[in-house]
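Take a look at the structure below.
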Amino acid sequence: MRFFLALALALAAAAPAAADWPEFGYTPARSNVGPTSTGITAANVNKLRRRTIQLDGTVDSSPISLGGTIYVTTTYGRTEAISAASGRVVWRYTPPTYDSYAGSARITNMSPVADPNRTAIYAGAPNGRIVKLAIRTGKVLWSRSITRDPTHEKLTSSLNFARGLVIATTGGYIGDAPPYQGHVVTLNPANGRIVHVWNSLCADRRTIIQPSTCPSSDSAVWARSGAVVDPANGNLLVATGNGPYNGSTDFGDSVIVLSPNASRVVGHWTPPNQAELEASDADLGSTAPALLAGGYFVQGGKDGLLRLVNRGLQVVQTVSTPGSTDLFSAPAVWQGKWVFVASGSGIDAWLLRGGKLQKAWGNGTDGTSPVLAGGLLYVQGNGAVHVYSPTSGRLLASLPCGAVHWQSPIVDGGRVIAAEGNANDHATSGVLDIYSAR
């Protein structure tokens, strides 16, 4: 019981203001559990009405929000501030390199993150750069490259912010054209200076490297959550994709625990069938670790398995993902013991009891990363954002939307906010949906 209490207290201490949703997953731990009160309840969720905002880019990631303003990054790196009340674009930042890749396969799925002091947000673009933008005006406060080859190394996972550091990860583009190496970068928020780099291949080199100079390629850090922060100690957990493994310099298809600033490896877990996963394109790192109470985490992958791993980095249980299919979404973890997992084949709810997962309910409705807010479970799928009772799985509402890819909704100030579209369509337009009672 003390494990659940400790995790709850740690998460509460890191929680943002109730009217904000400052990053993917809501907190640095990526629990995907938002405020306990949102103004939306089981009694009124069916009364929400959809308002569609046309955008000059596809948002194939999750929005964030602060104080009634929504912030999104489009697939070609435009970051925009949008009034939640009016739908008006307040400001727009366009990377100076935008025209060189707009409409091409060079895209980003990186969700922005807000600075805890609420004066700036951080965002990425296909040019391989992280920018700090003034929250009121969109003015560029600094810009820093985190790759030496943005044509091969992609900014795909969501940004994070913890213990005074901006945390970013890199992957590769669809098709895995070499060379690239997944890496984790921590940056000083004051000036963008790179604090530390951990490379998942050629890990003995602790700087941003030219990908062609490393004999190994791939091992992307590309899950929606990117780097997950353990609230108990600040350690970073990442999962890598297909790539070679030797346990010293190459860490393909592994879960890595890094120190809070990514300066050293604290521990790692690699499946015994790592070589098979790599050979069959069954990336472990298609999703990231999701933290539970008691030092446990769950880790999915493209092999259709969900593993329960203990604090000693040992697998204690293996169950199937929904539909026993690839898992690309980030699970939601509620109260340290409920785990909600969605795939293209369904949604499953699990309950951690006695060190084992017990299935509570499931259905065959597709979905992206689930989120829980105000006591309701939201799962965005193709055609609707479905709203459920989290403990029973009873469907409460289906809010209409278009096709989705990596998106997941947020819930803020009596509104549900969700984007539509697929970055791989290479469109320069898109749609943002806002559902509210007004």
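One-based numbering along the sequence shown. Just so we're clear, the structure is a prediction, and the values are computed from it rather than from any experiment.
A side-chain donor-acceptor contact under 3.5 Å links Gln407 to the backbone of His405. Within the 3.5 Å criterion, the main-chain N or O of Tyr180 finds no donor-acceptor partner in the side chain of Glu153. For the pair Thr79 (side chain) and Tyr93 (backbone), a donor-acceptor distance under 3.5 Å is absent. Judged by distance alone, with hydrogens and angles left aside, the side-chain atoms of Asp149 form a donor-acceptor pair with the main-chain N or O of Thr151 at under 3.5 Å. Side-chain atoms of Thr58 never come within 3.5 Å of backbone atoms of Asp60 as a donor-acceptor pair (strictly under, hydrogens ignored). The backbone N or O of Pro178 sits less than 3.5 Å from a side-chain atom of His152, completing a donor-acceptor pair. A donor-acceptor distance shorter than 3.5 angstrom exists from the side chain of Arg144 to the backbone of Gly192, with no hydrogens or angles considered. No donor-acceptor pair under 3.5 Å is formed between the side chain of Asp412 and the backbone N or O of Ile417. In terms of modelled atom types and a separation under 3.5 Å, the side chain of Arg224 and the main chain of Thr156 share a donor-acceptor contact. The backbone N or O of Gly285 lies less than 3.5 Å from no partner atom in the side chain of Asp283, so there is not a single donor-acceptor pair.
Residue Cys202 comes nearest to Pro215 through the heavy atom pair SG-CD, 3.7 Å, listed as atom of the first residue, atom of the second, then distance. Here the closest heavy-atom approach between residue Ala419 and residue Val59 is recorded as CB-O, 3.3 Å. Listed here is the closest heavy atom pair of Trp21 and Pro35: CZ3-CD, 3.9 Å. In terms of heavy-atom proximity, Gln181 sits nearest to Ile209 at OE1-CD1, 3.8 Å. Thr147 approaches Gly128 most closely through the heavy-atom pair CG2-CA, 3.7 Å. Closest approach of Ile208 and Ile194 over heavy atoms only: CD1-CD1, 3.3 Å.
Within the 4.5 Å cutoff, no side-chain heavy atoms of Asn32 are placed close to those of Pro331. Counting heavy atoms from C-beta on, the side chains of Leu236 and Ile167 come closer than 4.5 Å. Looking at heavy atoms from C-beta onward, Ile130 lies in side-chain contact with Met110 at the 4.5 angstrom threshold. Ile64 is not listed as a side-chain neighbour of Ser62, based on a closest heavy-atom distance of 4.5 Å or more. Using a 4.5 Å heavy-atom threshold, the side chains of Leu258 and Val265 count as touching. Using a 4.5 Å heavy-atom cutoff, the side chains of Phe24 and Ser225 are in contact. Side-chain contact between Trp350 and Leu308 is absent, with no heavy-atom pair separated by less than 4.5 Å. At a threshold of 4.5 Å between non-hydrogen side-chain atoms, the residues Lys154 and Ile174 do not count as touching.
Using a 30° and 60° split on the angle between ring planes, Trp406 and Trp222 fall in the perpendicular class, above 60°. Ring pair Phe340/Trp338 is parallel by interplanar angle, where below 30° counts as parallel and above 60° as perpendicular. Note: Tyr245 and His268 have tilted aromatic rings, judged against thresholds of 30 and 60 degrees for the angle between ring planes. Aromatic ring pairs are classed by plane angle as parallel below 30°, tilted from 30° to 60° and perpendicular above 60°; the pair Trp142 and Tyr122 is tilted.
A salt bridge links Glu23 and Arg30; the closest N-O separation between the charged side-chain nitrogens and carboxylate oxygens is under 4.0 Å.
Summarising the local packing, CG of Leu395 is surrounded by more than 12 heavy atoms from other residues, nucleotides or ligands at distances under 6.0 Å. The number of heavy atoms from other shown groups lying within 6.0 Å of CZ (Arg136) does not exceed 12. Counting non-hydrogen atoms of other residues, nucleotides and ligands closer than 6.0 Å to CZ of Arg206 gives a total of 12 or fewer.
Expressed to the nearest 0.5 Å, how far CD1 of Ile347 lies from NE2 of His386 amounts to 7.0 Å. Expressed to the nearest 0.5 Å, how far CG of Asn242 lies from CG of Leu277 amounts to 7.5 Å. The OH atom of Tyr76 sits 5.0 Å away from the OG atom of Ser104 when rounded to the nearest 0.5 Å. The CG atom of Asp250 lies 10.5 Å from the OG atom of Ser217; values are rounded to the nearest 0.5 Å. For the atom pair Ile410 CD1 and Arg415 CZ, the distance stands at 10.5 Å (nearest 0.5 Å). Taken from CG in Leu376 to OG1 in Thr38, the straight-line distance is 6.5 Å, to the nearest 0.5 Å.
Between the side chains of Arg307 and Thr318, not a single donor N or O lies within less than 3.5 Å of an accepting N or O. Looking at His183 and Thr170, their side chains do bring a donor and an acceptor atom within 3.5 Å of each other. For the residue pair Ser259 / Asn261, a side-chain donor-acceptor distance below 3.5 Å is found, with atom types taken as modelled. Counting only N and O atoms by type, the side chains of Ser254 and Thr240 include no donor and acceptor under 3.5 Å apart. Side-chain polar atoms of Thr368 and Ser329 form no donor-acceptor pair below 3.5 angstrom. Side-chain contact of Arg205 with Thr213: a donor-acceptor pair under 3.5 Å is present, judged by distance alone. Side-chain contact, Ser219 with Ser200: a donor N or O sits under 3.5 Å from an acceptor N or O.
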Handout entry: Check against side chain to side chain contact (heavy atoms under 4.5 Å, CB included), Val185 and Thr169
Key = CA-CA 6 Å; Val185 183; Thr169 67; over 6 Å; no
Practice task
Might you work through the side chain to side chain contact (heavy atoms under 4.5 Å, CB included) test for Asn199 and Val197, ending with a clear yes or no?
Solution key: CA-CA 6 Å; Asn199 293 296; Val197 178; 3.9 Å; yes
Problem - Test log, rule side chain to side chain contact (heavy atoms under 4.5 Å, CB included), inputs Val371 and Tyr26 - result: CA-CA 9 Å; Val371 303; Tyr26 192 66; over 6 Å; no
Exercise for the section: Report the C-alpha distance between Ile40 and Leu48 in whole Å, list the side-chain angles of each, state the deciding distance to 0.1 Å, and finish with yes or no for side chain to side chain contact (heavy atoms under 4.5 Å, CB included). Expected result: CA-CA 9 Å; Ile40 302 173; Leu48 300 184; 4.0 Å; yes
Cut-off 3.5 Å, no hydrogens considered: what does the side-chain donor-acceptor table look like for residues 425-435, sequence neighbours left out?
unit_1 : atom_1 : unit_2 : atom_2 : d
Asp433 : OD1    : Arg50  : NE     : 3.2
Asp433 : OD1    : Thr52  : OG1    : 3.4
Tyr435 : OH     : Pro400 : O      : 2.6

